[in-house]
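Okay, structure first, notes after.
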Amino acid sequence: MSDELAGGKLLLDHPAEAVARLTLNRPDSRNALDHETLNGIAEVMPALDRGIEVRCVILTGAGGVFSAGYDIGGFSEHEFAAEAESLVAHPFARGLDAVTAHPWPVLCAINGHALGGALELTLCCDLRICARGAKLGMPPAKLGLIYGHTGLQRFIDAIGVPRTKELFLTGNNVTAERAEEVGLVNQVTDDGDLEDAAVELAAEIAANAPLSMRGNKHAIDMLNSYSRLTPEQERELIELRESCFRSEDFREGVAAFAEKRKPVWRGR
């Protein structure tokens, strides 16, 4: 029995002892991440910190897709031109930060395609298990978008600079096997086995010593979170990102995506 959250866009159930499963549930929109879904994630993740009652969380998607990424289909050209940064950054960052900050292990079960912001969401989880038929990719280069530096840092931390450049400069999707090879995912299973494999792995994790799990996760995250940018460098990257939202190419990329056509880039 699942609880419906965020207007039914998230489902919460408990498939094993001390394991909670949060399912993205917008199959008609390929589980795209809209504001309600992201705010729902931000609210439910802290609520799942219940002492040792829930010691592992699974994040997955309903249907045959994990998520097509951030939902850009609901905004007009005017909204994008005037408010793009705030429209995208606030709920998106809030949702992803809640997953990153969760003190217990979070396992992502990538049941199908994970694209754009959804792929970054998978990197906020501690471990990733992926269905063999899934494709993973980052399409900002095909949309005229400069990706946020905090998101780029997550990819650099996970797969290094060369593979991050490969993802972001080509915009091409990669197979589950390739994702495992470069470190985007930890394990690949046959499509029909993913759900059971994810629950089995989560139950194995949850059976470990709670203080050890929390302590080791905290120590690893702290060791990996030292500052790398000066305030001036961070401001430069933020301004660079904000500049793309004012560009003709970004509006063209969004329009072409919505109209399912090849974009015509102008370099401005």
Side-chain angles (χ1 to χ4, degrees), residues 1-71 73-74 91-92 94-115 117-134 185-187 189-208 210 213:
M1 186 69 179
S2 299
D3 295 327
E4 294 189 356
L5 308 170
K9 295 176 181 179
L10 294 171
L11 303 177
L12 178 64
D13 69 333
H14 299 269
E17 183 179 354
V19 175
R21 178 168 55 193
L22 188 62
T23 303
L24 306 174
N25 187 44
R26 299 186 68 208
D28 292 344
S29 301
R30 303 176 69 212
N31 295 328
L33 302 170
D34 67 354
H35 285 198
E36 193 170 10
T37 302
L38 290 162
N39 284 327
I41 292 172
E43 291 168 6
V44 73
M45 290 303 297
L48 291 175
D49 181 13
R50 305 171 185 164
I52 63 170
E53 180 184 342
V54 176
R55 300 193 295 277
C56 186
V57 177
I58 300 172
L59 180 63
T60 192
V65 176
F66 175 72
S67 172
Y70 189 85
D71 190 354
F92 184 69
R94 184 169 179 250
L96 270 61
D97 287 349
V99 175
T100 302
H102 193 68
W104 299 98
V106 181
L107 169 65
C108 192
I110 306 171
N111 57 302
H113 292 6
L115 307 173
L119 185 55
E120 185 184 347
L121 174 60
T122 73
L123 292 186
C124 296
C125 302
D126 300 294
L127 297 171
R128 291 163 292 285
I129 182 169
C130 186
R132 197 173 305 279
V185 302
N186 300 90
Q187 180 181 339
T189 72
D190 290 337
D191 293 14
D193 296 336
L194 178 76
E195 182 177 349
D196 288 344
V199 172
E200 182 179 345
L201 179 57
E204 180 182 351
I205 292 169
N208 288 327
M213 284 194 304

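Just so you know, these numbers come straight off a predicted model, no measurement behind them.
The distance from the CG atom of L96 to the CG atom of L121 is 5.0 Å, given to the nearest 0.5 Å. Atom OG1 in T122 sits 11.0 Å away from atom CG in L107 (nearest 0.5 Å). The CD atom of E120 sits 8.0 Å away from atom OG1 of T100, with the distance rounded to the nearest 0.5 Å. Expressed to the nearest 0.5 Å, how far CG of D126 lies from CH2 of W104 amounts to 12.5 Å. For the atom pair C108 SG and I58 CD1, the distance stands at 10.0 Å (nearest 0.5 Å). L119 contributes atom CG, which lies 9.0 Å from atom CZ of R128 (distance to the nearest 0.5 angstrom).
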### Task
Run the numbers on E4 and L11 for side-chain contact (heavy atoms from CB on, under 4.5 Å), then give the verdict.
CA-CA 5 Å; E4 294 189 356; L11 303 177; 3.7 Å; yes
Output, in order, the C-alpha distance, side-chain angles, deciding distance and verdict of side-chain contact (heavy atoms from CB on, under 4.5 Å) for L5 and E43.
CA-CA 10 Å; L5 308 170; E43 291 168 6; over 6 Å; no
Could you walk me through whether N186 and I129 pass side-chain contact (heavy atoms from CB on, under 4.5 Å), step by step? CA-CA 6 Å; N186 300 90; I129 182 169; over 6 Å; no
Could you give me the CA-CA distance, side-chain angles and deciding distance for T23 and S2, then say whether side-chain contact (heavy atoms from CB on, under 4.5 Å) is met?
CA-CA 10 Å; T23 303; S2 299; over 6 Å; no
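Between N25 and K9 the shortest side-chain heavy-atom distance does not fall below 4.5 Å. In this structure, L10 and E36 have side chains that are not in contact, with every pair of non-hydrogen atoms separated by 4.5 Å or more. In this structure, V19 and V54 have side chains that are not in contact, with every pair of non-hydrogen atoms separated by 4.5 Å or more. At least one side-chain heavy atom of I41 sits less than 4.5 Å from a side-chain heavy atom of L24.
A side-chain donor-acceptor contact under 3.5 Å links N111 to the backbone of G63. The backbone N or O of M45 lies less than 3.5 Å from a partner atom in the side chain of H102, making a donor-acceptor pair. Without hydrogens or angle criteria, N31 side chain to A68 main chain gives no donor-acceptor distance under 3.5 Å. Listed for the D34 side chain is a donor-acceptor partner under 3.5 Å among the backbone atoms of T37. Remark: the backbone N or O of H35 is paired with a side-chain donor or acceptor of N39 at under 3.5 angstrom.
Classification of the Y70-F92 ring pair by plane angle, with boundaries at 30° and 60°, yields perpendicular.
The residues D71 and R26 are annotated as salt-bridged, a charged nitrogen and a carboxylate oxygen being separated by less than 4.0 angstrom. For the pair R21 and D13, the salt-bridge criterion is met [side-chain N within less than 4.0 Å of a carboxylate O].
Between I205 and M213, the shortest heavy-atom distance links the atoms O-SD, 2.9 Å. Minimum interatomic distance between I52 and P210 (heavy atoms only, all atoms of both residues): CG2-CB, 3.7 Å. Taking all atoms of both residues into account, the shortest heavy-atom contact from A198 to A109 is CB-CB, 3.7 Å. Pairing each heavy atom of A16 with each of A203, the nearest pair is CB-CB, 4.1 Å. Of all non-hydrogen atoms in L12 and A20, the two that sit nearest each other are CD1-CB, 4.2 Å. Across all their heavy atoms, S67 and A32 have their closest contact at OG-CA, 4.0 Å.
Summarising the local packing, CD of E195 is surrounded by 12 or fewer heavy atoms from other residues, nucleotides or ligands at distances under 6.0 Å.
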